[in-house]
Amino acid sequence: MRLAMFGLVGAIGLAAASVSAQETRYGAWEQPDDGGEVRQLLDSLKGLIDEAERARAANPVFLKDLRDLVNRYENPWQTRLLFDDFRDGDFTRNPVWSVSAGQYVIETRGAYIGLRSSIAAAAAPAPAGGQQDLAGALLGAL
């Protein structure tokens with residue numbers, strides 16, 4: 001009986017430890033860094049490029065490629081002016097998008113959500129004089 005009780009207490013202890021480990025494995029989700037680490041990386045990289053350029057320590061073409069890479073990931077706008085991820089499924093509110101021509105729909109494909117537009121092209125007017133006018137119009141366009 002004691003052995004069975006000891007085994008039961010041990011099993012409960014292991015189960016509690018397992019639940020406790022599961023509870024502490026994940027914490028509350030926090031908003032990711034808004035680019036502070038990336039900003040530091042880009043600033044450090046620009047400093048190294050400047051230093052290598054002054055010391056003529058690397059091929060100028062390679063340094064230009066590195067600068068182009070930094071510029072591709074560098075965001076000159078530090079404050080977001082307008083944002084909409086269209087997750088609410090309505091582009092007419094928060095922020096308001098107004099349609100001046102065509103049709104707009106919210107499109108969802110897996111994790112992708114975006115705004116799709118379609119605008120029908122106006123039909124070209126038919127030439128007034130028949131085949132010769134059509135040929136002249138085509139040659140004139142060339």
Side-chain angles (χ1 to χ4, degrees), residues 3-142:
L3 187 56
M5 184 65 114
F6 182 70
L8 180 62
V9 170
I12 291 173
L14 286 175
S18 174
V19 168
S20 176
Q22 288 176 358
E23 289 174 4
T24 59
R25 180 173 178 185
Y26 300 106
W29 183 82
E30 294 181 19
Q31 182 71 23
D33 187 355
D34 64 349
E37 291 177 1
V38 173
R39 173 86 258 147
Q40 289 176 349
L41 172 69
L42 292 173
D43 288 344
S44 296
L45 185 55
K46 284 193 313 190
L48 290 173
I49 294 168
D50 291 342
E51 187 177 335
E53 197 171 54
R54 282 191 301 273
R56 297 178 180 243
N59 183 313
V61 175
F62 176 66
L63 293 176
K64 182 190 177 309
D65 289 344
L66 286 177
R67 274 196 204 284
D68 290 345
L69 179 65
V70 167
N71 290 336
R72 195 172 26 208
Y73 288 93
E74 190 169 43
N75 182 4
W77 297 93
Q78 297 301 315
T79 304
R80 186 181 288 180
L81 300 176
L82 177 68
F83 176 79
D84 193 349
D85 60 7
F86 305 106
R87 290 185 194 280
D88 62 359
D90 187 357
F91 61 87
T92 62
R93 63 181 164 88
N94 195 23
V96 175
W97 295 83
S98 47
V99 177
S100 61
Q103 295 179 342
Y104 287 78
V105 294
I106 303 296
E107 183 177 271
T108 304
R109 288 187 189 169
Y112 167 80
I113 299 174
L115 183 65
R116 178 177 291 272
S117 66
S118 62
I119 300 173
Q131 293 286 4
Q132 292 208 348
D133 285 337
L134 177 58
L138 286 174
L139 288 174
L142 295 174

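Between D68 and R72, no side-chain nitrogen of the basic residue sits less than 4.0 Å from a carboxylate oxygen of the acidic one, so the salt-bridge criterion is not met.
When the ring pair (Phe, Tyr, Trp, His ring centres under 6.0 Å) test is applied to F86, the partners found at least two apart in sequence or on another chain are W97. Taking the salt bridge (charged side-chain N to carboxylate O under 4.0 Å, His left out) definition, one finds that R56 meets it with nothing, sequence neighbours left out.
D84 CG to I106 CD1: the interatomic distance, rounded to the nearest 0.5 Å, is 7.0 Å. Between the CD1 atom in I113 and the CG atom in D85 there is a gap of 6.5 Å [rounded to 0.5 Å].
Across all non-hydrogen atoms, the minimal contact from Y73 to L42 is O-CD1, 3.6 Å.
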Would you give me the side-chain donor-acceptor pairs under 3.5 Å for residues 44-52, sequence neighbours excluded?
unit_1	atom_1	unit_2	atom_2	d
S44	OG	Q40	O	3.0
K46	NZ	E74	OE2	2.7
D50	OD1	R67	NH1	3.1
D50	OD1	R67	NH2	2.6

